[in-house]
Amino acid sequence: MSEAKKKIHVRGLKKAFGSNEVLRGIDLDVEDGKSMVIIGGSGSGKSVLIKCLLGVIKPDSGVIDIDGRNISRHTSADQRYMSRKSGMLFQGSALFDSLPVWENIAFRLLYAEKKPRKAAKEKAIECLALVGLSPEVGDLSPSELSGGMKKRVSLARAIASDPEIIFFDEPTTGLDPIMADVINNLILERVKALGATAISITHDMASARKIADDIAMLYQGQIIWRGKPEEMENSGNPMVDQFVHGRAEGPIQMQVKRR
Amino acid sequence: MNPFATTGRLTLDAVAEIGRIAQFAARSGASLFTGPFFSRAFWSAFLRIGYASLPVVGLTAIFTGAALALNIYDGSLRFNAESFLPQIVGVSIVRELGPVSAALMVAGRCASAMAAEIGAMRASEQIDAMSTLSVNPMGYLVAPRILATTIALPLLVLVADIIGIYGGYLVAVYALDFSGPAYIRNIDQFLQNRDIISGLIKAGVFGFLIALMGCYYGYYSRGGAQGVGSSTRTAVVASAVAILASNYFMTSLLVEI
């Protein structure tokens, strides 16, 4: 093991759906308190990778070592272990639309930890303030919120129980560039304040540059490059170069049809 | 195409599906015992399924009772047995038409709503989000709905029984010149507890099946809006078939008691 402590240690992770091999042997290390951004095109396996790490999808083989415990067997104890340790900001925010905003943020406190409603609401309002929203937002329903506000509420929900690891699934997708930057700043600020380890997947290069300590590129189910954000421009890897500069021509051929 | 192979495959598929549904029911039942119990989710489901279904169940019952009285009067005239009309209306409503018609209405209202709601939650990753927040979706979404429907349907059927008999009463007294007090007295003397209880037992099973189908097809729906649409349709059809099929088997068991 190297000098810094490994929070997440993945070796040989594989997952196939039928004949479609989505992950073909992923090796990935993330150090404690660092922000790892995984970039890659649509269909490269980013979402499946993050769901394996999160304990929502069971991998076919490989090791997922989180803080010294291998969760790749996907037992219910593994899932509980992982859900206690982590928070996740879903791409579509995934707010519970039958509950008001504050109950969304305090969902874990209310329904998993059985905290009294009054204390849970206070904590929810605190978290709302941390993401720059006023207490009145707490009583709205998620359907009354704009896209950017939904992301903020979802971020508030992800940080409400002080997780050690936070996952971000395309945190800026669907937002205008200014709101995207606001969300990036919030992510940086909140992750730093918690001292948490962050794993994000994105194809928004501006966001990747801003929130990453390390970047890894996923292509056809394998990590083909990793490095620092500043090395990304001159990676010397033609596939990374093509992706970073968004060119249609190059070694990566986009599949127009699904296999 | 080989018809034997097709029949075999369809049979195997059906048996496998029933097995998956039974497993799903067992998992949700287990979550009731291992806890925690989500009383808010239970009461909100109970109000939505039980209380909000009252108008539609009542309307169905009153028209069913009224039409039944007309039909039985017409039929029984042929062998001069029209004086038994109240008894026949009473026993038909309480044993058969009350439970089945109420269950079919609740299946249309609630199995579809459950499949669509849970299916949309699946499509928008809300079910995944729930697991990442340390709450078991089986315990929070499925078990309270199944429990609430299993308890609510017998109560609804009790109301449907009374309103259905009243529908028959209205027709008998105002259209067919029966005596009101005699109609009530006849039914009261004729109906036995086991008539009513067998209807309520059926209703409990119907409630369980309705919620099970609604939750199962919603939980495993896939493919966005179209997937939610098709799981809603399957949930309603499957619960209607389950109601009618289980009705026959339960009736054949319950008449022997």
Side-chain angles (χ1 to χ4, degrees), chain A residues 17 47-48 50-57 74 76-100 103-115 117 120 142-143 150 153-154 156-161 163 165-170, chain B residues 23 26-28 30-49 52 110 113-145 148 214-215 218-220 222-225 228:
Chain A
F17 295 99
S47 296
V48 175
I50 213 168
K51 283 186 174 166
C52 285
L53 297 182
L54 197 59
V56 178
I57 292 181
H74 201 256
S76 52
D78 289 338
Q79 282 170 288
R80 275 198 301 277
Y81 172 81
M82 206 46 211
S83 67
R84 264 200 310 274
K85 263 188 179 311
S86 60
M88 165 116 178
L89 176 64
F90 283 85
Q91 186 178 355
S93 300
L95 297 174
F96 307 125
D97 33 31
S98 57
L99 300 175
E103 279 193 49
N104 265 281
I105 298 172
F107 193 81
R108 186 199 296 260
L109 297 174
L110 283 170
Y111 297 107
E113 297 170 16
K114 297 277 175 186
K115 289 265 159 57
R117 291 178 74 78
S143 60
K150 277 185 188 159
V153 171
S154 192
R157 182 174 71 178
I159 62 172
S161 51
I165 304 171
I166 314 182
F167 294 95
F168 299 97
D169 184 359
E170 312 221 352
Chain B
Q23 238 175 16
R27 274 170 63 203
S28 75
S31 77
L32 277 180
F33 289 103
T34 56
F37 182 69
F38 299 100
S39 53
R40 271 178 169 267
F42 170 79
W43 286 113
S44 105
F46 189 76
L47 280 182
R48 243 178 316 152
I49 296 156
C110 303
M114 285 178 208
E117 191 183 354
I118 297 177
M121 291 184 77
R122 166 67 71 197
S124 58
E125 297 187 303
Q126 291 178 46
I127 293 181
D128 288 340
M130 198 172 281
S131 326
T132 69
L133 294 166
S134 305
V135 173
N136 177 5
M138 294 301 286
Y140 184 83
L141 290 175
V142 178
R145 281 174 169 78
C215 293
Y219 202 83
Y220 291 109
R222 60 186 74 206
V228 173

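So that the names make sense, note that chain A is the first sequence line, chain B the second, and so on, each numbered from 1.
- Taking CZ of B:Arg40 as the start and CD of A:Glu103 as the end, the distance is 6.0 Å to the nearest 0.5 Å.
- If you measure heavy-atom distances from A:Leu99 to chain B, the contacts under 4.5 Å come from the side chain alone.
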Q: Could you check A:Phe107 against B:Met130 for side chain to side chain contact (heavy atoms under 4.5 Å, CB included), going step by step and ending with a plain yes or no?
A: CA-CA 8 Å; A:Phe107 193 81; B:Met130 198 172 281; 3.8 Å; yes
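- Only the backbone of A:Leu95 comes within contact range of chain B, judged by heavy atoms closer than 4.5 Å.
- Taking chain B as the reference chain and counting heavy-atom pairs below 4.5 Å, the highest number among A:Leu109, A:Asp97, A:Leu54, A:Leu110 is found for A:Asp97.
- Under a cut-off of 6.0 angstrom, the local environment of CZ in B:Phe33 is sparse, with at most 12 non-hydrogen atoms contributed by other residues, nucleotides or ligands.
- When the shell of 6.0 Å around CZ of A:Arg117 is examined, it contains more than 12 heavy atoms from other residues, nucleotides or ligands.
- In this structure, OG on B:Ser131 lies 11.5 Å from CE on A:Met88, to the nearest 0.5 angstrom.
- The shortest non-hydrogen separation linking A:Gln91 to B:Glu125 is N-OE1, 4.0 Å.
- Contacts between residues 132-142 of chain B and chain A, counted as heavy-atom pairs separated by less than 4.5 Å, involve B:Thr132, B:Leu133, B:Ser134, B:Val135, B:Tyr140.
- Of all the heavy atoms in A:Phe96 and B:Met121, the pair that sits closest is CD2-CE, 4.1 Å.
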